[in-house]
Amino acid sequence: MADKQDNIPLAHIVRPKTFCDIVGQDHLVGEMGVITMMVKSNKLVSFILYGPPGCGKTTISSVLLKQFHKIQSYTFNASTDNKDTLKDMVQSLKFNKYIIIVVDEIHRMKKDIQDFLSPYIESGSIIMVGLTTENPYRTINRAIRSRCHIYTMSDITKEDIVSLLHRINIQQDYGIEDNIIHRISDASCLEIRTAINMLEMVSLVPAESRTTEHISKILGVKHIATDDGLDNYYIVLSALIKSIRGSDIDASLHYLARFLRCQDLHMITRRLMISAYEDIGLANPSVGPQVVAACEAAMSVGFPEARIPLSCAVVLLASSPKSNSAYLAIDKADTRLDELKDKSIPNHINNEAIRFSGAKYKYPHSYPNHYVPQQYLPKEAINDIYYIPQDNSKYERAIKQMWDDIGPKQKHIGVKKDQ
């Protein structure tokens with residue numbers, strides 16, 4: 001009869017016990033990570049972790065609770081637990097100054113439960129750690145959100161997966177070859193649990209039987225084929241975005257079909273929404289909301305039907321005129337921030353200065369054509385130009401025409417240079 005230990009999944013055996021064991025989230029649990037700083041200062045505050053499945057949210061919360069083991073803690077699942085369960089947890093405040101509650105799938109927490117929890121979080125008697133795969137700015141009550149710090153988990157990289165698998169391979173003395181570890185990484189869709197489960201399955205195969213054909217069967221057909229290591233996750237995804245940017249509809253659909261074998265809806269919808277605003281942008285302003293709607297539809301219906309709204313999104317993106325003007329503009333503005341020594345907002349658009357110093361703001365709607373020249377940028381940046389319209393779409397040509405009309409009126413206050 002197999003020993004009890006033999007039935008424990010590998011993912012549970014190698015679950016990180018310290019922050020040092022967690023991969024890919026150094027901004028949170030690295031040496032200078034914000035959660036690490038909470039532990040070092042013995043000051044824990046309520047926060048929400050947002051990221052895709054398998055990136056380490058539950059692991060971080062589990063390790064964190066061990067660091068604060070002297071504080072009474074509970075786990076609440078918003079999908080399966082009810083308000084009475086939460087009330088039972090709150091009852092322990094009669095005996096504790098404060099408690100920790102980890103709320104899994106917090107995006108599913110009903111409004112009345114969130115309202116019940118809010119005052120306790122605000123007073124600090126409950127320290128809440130929320131875990132969610134959904135955008136908290138859309139799915140979580142503002143009352144809860146405003147009382148918590150929100151931290152986005154970093155995307156897990158292939159290097160993170162390979163590093164982790166190498167470490168487990170050595171610890172468990174599996175003797176699995178490097179090329180197989182890279183194949184597992186490619187096939188895992190960059191989910192840590194999936195990669196570990198695959199490694200465990202491969203470890204059951206005798207070393208002499210670990211042929212390419214055998215390993216491919218074990219890893220399954222629902223993951224991107226490696227084609228001798230050349231056809232990996234990131235290469236296919238990058239080829240898809242490059243084909244969209246290059247306006248090749250057929251190539252875009254080809255790489256979409258290949259990437260869909262991975263069944264990673266989070267990554268594909270994320271990249272398509274980014275492409276809508278980075279590559280098409282103001283050349284076709286309606287494409288952003290349309291792609292977002294298609295991506296939300298894909299997430300709602302799931303596979304296999306998700307491929308249909310996603311194909312609509314890809315055709316729309318590839319066939320649209322392209323402009324990266326807004327993307328370039330925000331990069332310029334962001335870079336310029338580091339150079340400015342004086343970022344003072346002009347008094348006449350600073351509400352506090354208007355209230356206390358009598359500075360006068362000119363309300364554009366009170367002037368002809370709803371426009372009046374006045375300074376908006378900080379003095380040091382008064383001649384900065386970030387946005388330069390591109391001329392391959394009617395929309396941006398209209399923007400340029402508007403600015404050509406306005407520009408001469410502003411020259412006397414030096415707000416802008418000619419573009």
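These numbers come from a predicted model, not from an experiment. What's counted below: heavy atoms across the whole structure, side chains too, no hydrogens, waters or symmetry copies.
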Quick check: are there more than 12 heavy atoms from other residues, nucleotides or ligands sitting under 6.0 Å from OH of Y98?
no
In this structure, CD1 of I385 is separated from CG of L377 (nearest 0.5 Å) by 10.5 Å
When you compare the side chain of L282 with that of Y387, does any pair of heavy atoms fall below 4.5 Å?
yes
Heavy-atom closest pair (S61 atom, T58 atom, distance to 0.1 Å) is OG-O, 2.7 Å
**Study point:** Note, L131 side chain near V103 side chain (heavy atom, < 4.5 Å)
**Key:** no
Value for CD (E177) from CZ (R183), rounded to nearest 0.5 Å, stands at 11.5 Å
| request: For T36 and K40, test the side chains for any donor-to-acceptor distance below 3.5 angstrom and give the result as yes or no. | output: no
What I'd like to find out is whether the side chain of Y361 reaches to under 4.5 Å of the side chain of Q374, using heavy atoms alone.
yes
Nearest heavy-atom contact between Q25 and C55 is NE2-O, 3.4 Å
> Is there a donor-acceptor pair under 3.5 Å between the side chain of N141 and the backbone N or O of I144?
Replying inline: no
Exercise for the section: Check the surroundings of atom OH in Y395: do more than 12 heavy atoms from other residues, nucleotides or ligands lie under 6.0 Å from it? Expected result: no
Please step through side chain to side chain contact (heavy atoms under 4.5 Å, CB included) for the pair H27 and V34, ending with a clear verdict. CA-CA 7 Å; H27 66 300; V34 62; over 6 Å; no
Open item on the list: Does the plane of the ring in H182 sit parallel, tilted or perpendicular to the ring in H166? Use 30° and 60° as the thresholds.
Closed with: perpendicular
So CG of L49 and OG1 of T152: to nearest 0.5 Å the spacing works out to 9.5 Å
Return the orientation label for the H365 and Y363 ring planes: parallel under 30°, perpendicular over 60°, tilted otherwise. perpendicular
Closest non-hydrogen contact found for C20 with R167 is O-NH1, 4.4 Å
Does a side chain donor of either Y74 or S92 reach within less than 3.5 Å of an acceptor in the other side chain?
yes
Checklist entry - Does S252 use its side chain to pair, donor to acceptor, with the backbone of V314 at less than 3.5 Å? => result no
Kindly say whether I140 contributes a backbone atom to a donor-acceptor pair with the side chain of R145 at under 3.5 angstrom? yes
query: Between N350 (side chain) and E352 (backbone), is there a donor-acceptor pair under 3.5 Å?
result: yes
- Just checking, is any N or O donor in the side chain of N197 or T194 under 3.5 Å from an acceptor N or O on the other one? no
Using the rule given for side chain to side chain donor-acceptor pair (under 3.5 Å), can you reason through K242 versus S238, listing the C-alpha separation, both sets of side-chain angles and the distance that settles it, and then say yes or no? CA-CA 6 Å; K242 287 181 172 66; S238 179; 2.5 Å; yes
* Taking the side chain from D391 and the backbone from R397, do they hold a donor-acceptor pair closer than 3.5 Å? -> no
(message) Any salt bridge linking K322 with D279? Criterion: basic side-chain nitrogen under 4.0 Å from a carboxylate oxygen.
(response) no
Distance-only check: which donor-acceptor pairs under 3.5 Å involve side-chain atoms of residues 324-333, not counting sequence neighbours?
unit_1, atom_1, unit_2, atom_2, d
N324, OD1, Q390, NE2, 2.7
S325, OG, S323, OG, 3.1
S325, OG, E396, OE1, 3.4
S325, OG, E396, OE2, 2.6

Worksheet entry | Over 12 non-hydrogen atoms of neighbours within 6.0 angstrom of NZ in K343 | yes
Is the closest side-chain donor-acceptor distance between R258 and H254 under 3.5 Å?
yes
Fill in: Flag side-chain contact, heavy atom, 4.5 Å: I127 against I101
no
Note to self: Would you say CD of Q171 has more than 12 non-hydrogen atoms from neighbouring residues, nucleotides or ligands within 6.0 angstrom?
What the structure shows: yes
*Between S163 and D160, is there a donor-acceptor pair closer than 3.5 Å when you use the side chain of the first and the backbone of the second?*
no
Applied to residues 284-309, the side chain to side chain donor-acceptor pair (under 3.5 Å) test, sequence neighbours excluded, yields R138-E296, N284-S286, N284-S320
**Asked** Hey, does the side chain of T132 reach the backbone of Y50 with a donor-acceptor pair shorter than 3.5 angstrom?
**Response** no
* **Crowding at NZ, K43 (>12 non-hydrogen neighbours, <6.0 Å)** => no
Query raised in the report: Would the number of heavy atoms belonging to other residues, nucleotides or ligands and lying under 6.0 Å from CD of E339 be above 12?
Result: yes
So OG of S319 and CD1 of I280: to nearest 0.5 Å the spacing works out to 8.5 Å
To the nearest 0.5 Å, atom CG of L340 lies from atom CD of E380 at 5.0 Å
What one should report as the nearest heavy-atom pair of P16 and V63 is O-CG2, 3.5 Å
Checklist line | Candidate pair D21 and R15, rule side chain to side chain contact (heavy atoms under 4.5 Å, CB included), full reasoning | finding: CA-CA 8 Å; D21 298 327; R15 180 178 288 276; over 6 Å; no
* To do: Would you kindly say whether D384 and Y386 are connected by a side-chain donor-acceptor distance under 3.5 Å?
  => yes
Any salt bridge linking D104 with K57? Criterion: basic side-chain nitrogen under 4.0 Å from a carboxylate oxygen. no
Using a 3.5 Å distance criterion without hydrogens, assess whether the side chain of S62 forms a donor-acceptor pair with backbone atoms of T59.
no
Contact check, side chains of I196 and L164, non-hydrogen atoms, under 4.5 Å
yes
Q) Would a distance-only check, ignoring hydrogens and angles, find a side-chain to backbone donor-acceptor pair under 3.5 Å from N369 to Y371? A) no
Can you see whether H266 engages T133 through a side-chain donor-acceptor pair at a distance of less than 3.5 angstrom?
no
Crowding at CZ, R271 (>12 non-hydrogen neighbours, <6.0 Å) = yes
Using a 3.5 Å distance criterion without hydrogens, assess whether the side chain of E200 forms a donor-acceptor pair with backbone atoms of L10. yes
#### Entry: Side-chain touch V102/S73, heavy atoms, less than 4.5 angstrom
no
Quick note, salt bridge (Lys or Arg N to Asp or Glu O under 4.0 Å) partners involving residues 113-136, not counting sequence neighbours, are K111-D115, E122-R147
May I ask you to test the P346-Y376 pair for a side-chain heavy-atom distance under 4.5 Å?
no
Is the closest side-chain heavy-atom distance between D81 and L86 below 4.5 Å?
-> no
### Task
For S46 and H149, run side chain to side chain donor-acceptor pair (under 3.5 Å): C-alpha distance rounded to whole Å, both residues' side-chain angles, the deciding distance at 0.1 Å, then the answer.
CA-CA 7 Å; S46 294; H149 297 272; over 6 Å; no
Nearest heavy-atom approach of I161 to A195 is CG2-CB, 3.8 Å
Rounded to the nearest 0.5 Å, the CZ atom of F68 sits from the CG atom of L64 at a distance of 6.0 Å
ask   = Heavy-atom count around M201 CE within 6.0 Å, excluding the residue itself: above 12?
value = no
Q: With side chain to side chain donor-acceptor pair (under 3.5 Å) as the test, would you mind laying out the steps for T85 and D88 before giving the verdict?
A: CA-CA 5 Å; T85 303; D88 289 340; 5.6 Å; no
On a heavy-atom basis, the closest approach of G130 and I106 is CA-CD1, 4.1 Å
